Amino acid sequence: MALSQLTQWFSLAVLAVVIRFASFRYVYGVQKFNGPLLASFTDFWRFLHAYRDTLFPSRHLHEEYGDVVRVGPNALCFRDPQAIRDIFGGGKNWEKSGLYAPSAPVSRGEWAHTLFSSPDQTWHRNVRRAMNPFFSQTTVNTYEPLVESTIEPFLAELENRFANKDGDEGRMDVFTWMTYFTFDVMSDLTYSERHGFIARGEDVYGIIGWVEKFLAYGFWAGQMPWIDRLFRHNPFLMWLERRGWYAGNTFPGARFALQRLAEREQEEATSGNDTKKREDLLDKFRKAKKERPEHITTTEVLGLSLSTIIAGSEPSAVSLTSIFYYVLRTPGCYDKLQDELFTRLPNPASSECPQTSFTIARSLPYLHACIQEAFRLHPPFAINFERLVPQGGATICNHYIPGGTIVSVNPWVTQRDKATFGDDVDDFRPERWMTQDEEKVRAMERAMFLFGAGSHLCLGRNVALIEIYKLVTSFMRTFKMTMVDPEKEWRINTWAVSRQKGFEVRIEKWNLEK
Ligand code: HEM
């Protein structure tokens, strides 16, 4: 073939690619919205930013392009908190976009879909219906003693390792230890067995590191979901895994869960029933399997047990860390909170353990305001939560959006909306939640999106609140905290979860006898 002919074919191929990409820009009917130019041609733009962790926290996009930003050829994100109601609220059950499926764990070469990852709405509705009773406020209140039983050894371990120590020995990295706490709470609630993070003071079996990578992967692969078929859900690798020739994609926690599951089944088969006194989440999931075998099978039991560890541990640790960080860094706040915890609650010296019931802790106004404000400023998930507009289109924040468009809301954006929270949105000011203006408080609550909304609202929200209110109260009534370096800001990495690094404190046991 002559060189000139080759050049012609090559030029034609380039032209075809250019036309294809250009068509993406105009074909979806969302071209009236502004955004980065490359994003209007290809999802590679958001994939790249997610991968390089440069989209955090997406606010700058709205500052540059306005209330609605085109973040992909067919993807829009919204700034106005009204979008939460228009997309997620009022019985709407819009399908999830492709963002979520890459987050499904793999177990022995099979997809182990979780409530979070599954694209199947009917499956989600049925499983969620079976799970809701186990996570209602009334049921979750019965888990309180279980949370307490992890708080006790946690405080004891911290006292032993860090309390009243100088130099490097006394430096406690807050996020690391809050992670050990929340992972142990969740494994205890799920399996009546702690993984042992607190006792060993390390990432047992590398589970925490694995979850971090696992969530990060789901986040960046979810921006261009076909990419997932090359990696985690690669059909060939999964086929190898089913034959036992490869195990790279299986979550270490899945092996742990499968072992616990096998033990329970064997126990039941030999003794006729379960010999354990306490009913944990795994027992409840197994009970649901017996009661609703048409919806809950062993696969669901496994997926649900993994969900509680994967979805439930890190975000609570992030929130606990941000509460302590902001309370310590905001002038006057630490003393005010400390004062409330010591004057409004009985003297901790009067009982063996300084734990307070969730109901009482929740009723303390300043504590509640501090927690709400930390939730607002630092939502654990820094994700654009996406849904697909149903066929026929819909109106979102007064804009008509065609069916099939990916639309999203990010808690880091709505929770810093100036029209709702005021010009001081970037300040930690718990008092904003203590106003007598009930309408204002309701408007602020409507803009809070850290737990999601609608049919996928966080299943474990009540569990997280119990952990958080109880730990903050117990911790602050046991130890006096000071920052190792009050001038130093934390660093945040946001592959899906906005983890904080470099925030260290010293702790000193309160002398309660004085
Ligand atoms: C501060 C702590 C937590 C935060 C901020 C948080 C946030 C969220 C968010 C934003 C979602 C996704 C909503 C969506 O897909 O639209 C979610 C879902 C979920 N969370 Fe949480 N979560 C927390 C703690 C927990 C805990 C402790 C558990 C377990 C006990 C848990 C279990 C789940 C599950 C199972 C789902 C999937 C629900 C569904 O799609 O139906 N989360 N969470």
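Both ligands and their constituent atoms are indexed starting at 1 by order of listing. A quick note: this is a predicted structure, and the numbers were derived from the prediction, not measured.
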Identify which of Cys458, Ser319, Ser307, Pro411 has a heavy atom lying nearest to atom 20 (N) of ligand 1. Cys458
Measuring from atom 13 (C) of ligand 1, which candidate in Glu467, His456, Arg125, Lys96 has the nearest non-hydrogen atom? His456
Do [X] and [Y] have their ring centres less than 6.0 Å from each other?
{"X": "Trp433", "Y": "His368", "answer": "no"}
{"X": "His399", "Y": "Phe33", "answer": "yes"}
{"X": "Tyr191", "Y": "Phe256", "answer": "yes"}
{"X": "Phe503", "Y": "Phe324", "answer": "no"}

Is [X] close to ligand 1, meaning an N/O of one under 3.5 Å from an N/O of the other?
{"X": "Arg128", "value": "yes"}
{"X": "His124", "value": "yes"}
{"X": "Thr308", "value": "no"}

List the steps, then state whether salt bridge (Lys or Arg N to Asp or Glu O under 4.0 Å) holds for Lys92 with Asp86. CA-CA 8 Å; Lys92 292 201 173 79; Asp86 290 350; 5.1 Å; no
Within reach of ligand 1, part of Phe451 (heavy-atom separation under 4.0 Å):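 The part of Phe451 near ligand 1 is both the backbone and the side chain.
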Do me a favour and list the nearest non-hydrogen protein atom to [atom] with residue, atom name and distance?
{"atom": "atom 26 (C) of ligand 1", "result": "Gly312 CA, 3.2 Å"}
{"atom": "atom 34 (C) of ligand 1", "result": "Leu459 CB, 3.9 Å"}
{"atom": "atom 32 (C) of ligand 1", "result": "Gly460 N, 3.7 Å"}
{"atom": "atom 10 (C) of ligand 1", "result": "Leu450 O, 3.2 Å"}

Could you tell me, atom by atom, which parts of ligand 1 come under 4.0 Å of a heavy atom of [X]?
{"X": "Met186", "value": "29 (C), 30 (C)"}
{"X": "Gly452", "value": "10 (C)"}
{"X": "Pro380", "value": "5 (C)"}

On the 0 to 90° scale, with breaks at 30° and 60°, tag the Phe197-Phe183 ring pair as parallel, tilted or perpendicular. perpendicular
Would you call the rings of Tyr180 and Trp177 parallel, tilted or perpendicular, taking 30° and 60° as the class edges?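 Tyr180 vs Trp177 ring planes: perpendicular.
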Determine the sole option in Ser319, Ser322, Ser498 for which the side-chain hydrogen bond (donor to acceptor under 3.5 Å, both in side chains) test with His378 is passed. Ser498
For ligand 1, is there an atom lying under 4.0 Å from some heavy atom of Arg387?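 Yes, that is the case, since the closest heavy atom of the residue is under 4.0 Å from the ligand.
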Do side-chain atoms of Lys470 reach the backbone of Gln355 as a donor and acceptor pair under 3.5 angstrom? no
